[in-house]
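For reference, the structure discussed in these notes is given below.
Heavy-atom basis, side chains included; hydrogens, waters and symmetry copies ignored. Order of appearance sets the numbers: ligands from 1, and atoms from 1 within every ligand.
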Amino acid sequence: MSYIQTEVLPVDPIQPDSALIEYAATLIKRGELVVFPTETVYGLGADALRASAVEGIFAAKGRPFYDPLIVHIADEATLPEIALHIPEQAHLLAQTFWPGPLTLILPAGPRVPGRVTAALPTVAVRMPRHPVALALIRAAGTPIAAPSANRFMHVSPTTAQHVLTDLNGRVPLILDAGPCEVGVESTILDLTSKLPTILRPGGISLEALQTILPQVQPPQARTHQTETDETGQKSPGQLPIHYAPSVPTYLYAGDTQAVNTALLNEIQRYTEQGWKTGLLLADEDKSFFHNSGATIYTVGSAQRTAQVASQLYAGLRSLEQSGVQVILCRSFSSQGLGLAIQDRLVKAAGGKVIYVS
Ligand code: TXA
Ligand code: MG
């Protein structure tokens with residue numbers, strides 16, 4: 001694709017300037033792309049009801065057309081324009097979790113282009129809670145289709161700088177409202193299956209969903225084959241390698257003490273080969289690696305999953321850019337937001353998980 005000048009405009013995250021939002025909305029109305037902040041990660045937006053606009057998203061990201069997009073709305077009243085046969089469960093969940101990091105899979109309405117849904121009979125919809133996202137959707141007067149604003153298969157962006165690294169020269173405008181609050185993507189919940197089932201864990205935990213709908217099912221373990229099968233898969237974007245740094249990444253699981261000892265041995269082994277190692281750790285692990293020579297990024301206390309989630313992608317991107325030849329990550333508990341954190345770490349590692357005991 002041809003090079004276009006990328007403009008980065010700072011915007012107040014709480015009270016966005018209305019002239020700036022109008023300007024960005026004009027681009028959306030013209031069928032162009034705008035990168036905007038959400039509470040989860042930055043999104044690469046286009047008019048969701050215009051196929052030609054949506055095609056621009058796939059071109060800018062280098063994303064294949066079989067990977068469907070989430071439609072972002074600013075008002076629950078818009079939902080019937082996007083989805084059909086909306087069950088009572090959807091309203092219950094929307095009342096509790098919207099605006100917020102929950103995406104619902106529902107039967108697609110006729111106005112949604114096949115480019116958005118990858119020709120599936122279903123559509124993904126969410127109402128983000130970031131004031132800039134909500135203001136942009138309202139000013140554009142149309143729902144906005146938006147994937148995470150990274151190059152296909154790369155780590156999602158949680159700052160405007162991350163977006164620039166991936167999309168400079170490929171998008172006309174980035175609205176920079178500072179770092180995203182949640183830091184991992186929305187939870188995707190399928191309401192078209194027999195029981196509501198999580199397809200991608202994210203910013204709303206399984207436990208929180210179950211307080212409203214006790215029958216919500218955790219993500220189903222899928223085999224490698226079904227994950228890569230383009231026709232049979234339920235959530236086509238959920239490829240086994242996704243959200244991944246360009247540096248080989250390994251995830252270590254098991255008892256923290258044993259994991260730390262194993263990591264230290266690995267660092268030594270890599271050092272002997274002349275390789276530099278990057279480490280993604282919790283604050284409390286740091287002192288153990290004091291003299292290891294590794295490049296360390298800490299994502300906060302392992303006890304504070306919200307903090308870990310918000311730092312996770314910045315950590316992976318920072319280690320990737322630090323000149324190391326390999327990245328080793330510790331794992332975290334899978335309670336609450338931890339389920340999403342663990343899922344993204346497994347994907348960052350492309351499934352290369354080492355179990356230590
Ligand atoms: O937090 C988020 O969800 C962010 C922000 C920007 O809203 N968006 C995001 O979009 O993560 P994306 O495109 O990177 O991931 C959306 C995933 C797709 O990869 C696909 O797996 C799934 O949503 N999806 C979309 N439509 C679907 C459908 N009809 N059925 C099943 N899965 C679907
Ligand atoms: Mg993505």
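Contacts between T122 and ligand 1, counted as non-hydrogen atom pairs separated by less than 4.0 Å, involve both the backbone and the side chain.
Using a 4.0 angstrom heavy-atom cutoff, I105 counts as in contact with ligand 1.
Taking the six-membered ring where the residue is Trp, F65 and F58 present tilted rings, their angle falling between 30° and 60°.
The closest side-chain donor-acceptor pair between Y297 and Q311 falls under 3.5 angstrom. With hydrogens and angles left out, the side-chain atoms of E320 and S246 include a donor and acceptor closer than 3.5 Å. Using a 3.5 Å distance cut-off with no hydrogens or angles, the side chains of S301 and D283 do not pair a donor with an acceptor.
Nearest residue to atom 20 (C) of ligand 1 from V184, L44, I57, D67 is D67 (criterion: closest heavy atom). Considering A145, G183, S186, G203 only, the shortest heavy-atom separation from atom 3 (O) of ligand 1 involves S186. Comparing P68, P107, A149 against atom 33 (C) of ligand 1, the shortest heavy-atom distance belongs to P68.
Put simply, S148 gets within reach of the Mg ion (ligand 2), with an N, O or S atom under 2.8 Å from it.
The number of heavy atoms from other shown groups lying within 6.0 Å of NZ (K276) does not exceed 12.
Residue-to-ligand polar distances place R200 within reach of ligand 1: an N/O pair is separated by less than 3.5 Å.
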